[in-house]
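Read the structure below first, then the notes.
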Amino acid sequence: RLVKHPKGNQIKYQLCGHPPTYAYVVVFPFHHASQTVTIIREWQQGLNQWWWQLPTGGWDRSKAKDLNECACNELAEEAMLVK
């Protein structure tokens with residue numbers, strides 16, 4: 001697939017799908033006291049480069065009973081914000 005961005009540059013990429021039963025979380029860790037958001041820098045295999053993003057992850061039902069617990073796990077694993 002070829003995508004043309006507003007500034008004129010074009011990027012070619014491929015899409016990988018997930019089965020309909022696949023669930024994931026994206027966490028927006030907003031800190032009220034400092035009015036900031038935590039983003040993390042991770043290696044993106046598909047892009048083959050480092051990328052800044054919000055903490056995200058797939059919901060493994062054997063590790064988390066619901067999406068809220070999955071989000072907490074992602075905050076602990078990726079952003080190191082909760083224990």
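For the numbers below, each heavy atom of this structure counts, side chains included, while hydrogens, waters and symmetry mates do not. From a predicted model like this one, the values you see are computed outputs, not experimental measurements.
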Listing, residues 74-81 side-chain donor-acceptor contacts under 3.5 Å, not counting sequence neighbours, or none:
{"residue": "Glu78", "atom": "OE1", "partner": "Thr56", "partner atom": "N", "Å": "3.2"}

### Message
One pair to check against side-chain contact (heavy atoms from CB on, under 4.5 Å): Gln53 and Gln44. What are the steps and the verdict?
### Response
CA-CA 10 Å; Gln53 64 185 33; Gln44 292 296 315; 2.8 Å; yes
### Task
Enumerate the residue pairs fulfilling ring pair (Phe, Tyr, Trp, His ring centres under 6.0 Å) with a member in residues 48-81, sequence neighbours excluded, ordered by first and then second residue.
Trp43-Trp50
#### Entry: By side-chain contact (heavy atoms from CB on, under 4.5 Å) - contacts of Ser62 (at least two apart)
Asp60
### Query
Say you draw a straight line from NE2 of His31 to OG1 of Thr38; how long is it, rounded to the nearest 0.5 Å?
2.5 Å
### Partners meeting side-chain contact (heavy atoms from CB on, under 4.5 Å) with Phe30 (sequence neighbours left out)
Phe28, His32, Gln35, Val37
For a quick test of your reading: what N or O donor-acceptor pairs under 3.5 Å do the side chains of residues 65-72 make, sequence neighbours left out?
{"residue": "Asp66", "atom": "OD1", "partner": "Asn68", "partner atom": "N", "Å": "3.3"}
{"residue": "Asp66", "atom": "OD1", "partner": "Glu69", "partner atom": "N", "Å": "2.8"}
{"residue": "Glu69", "atom": "OE1", "partner": "Lys65", "partner atom": "N", "Å": "3.1"}

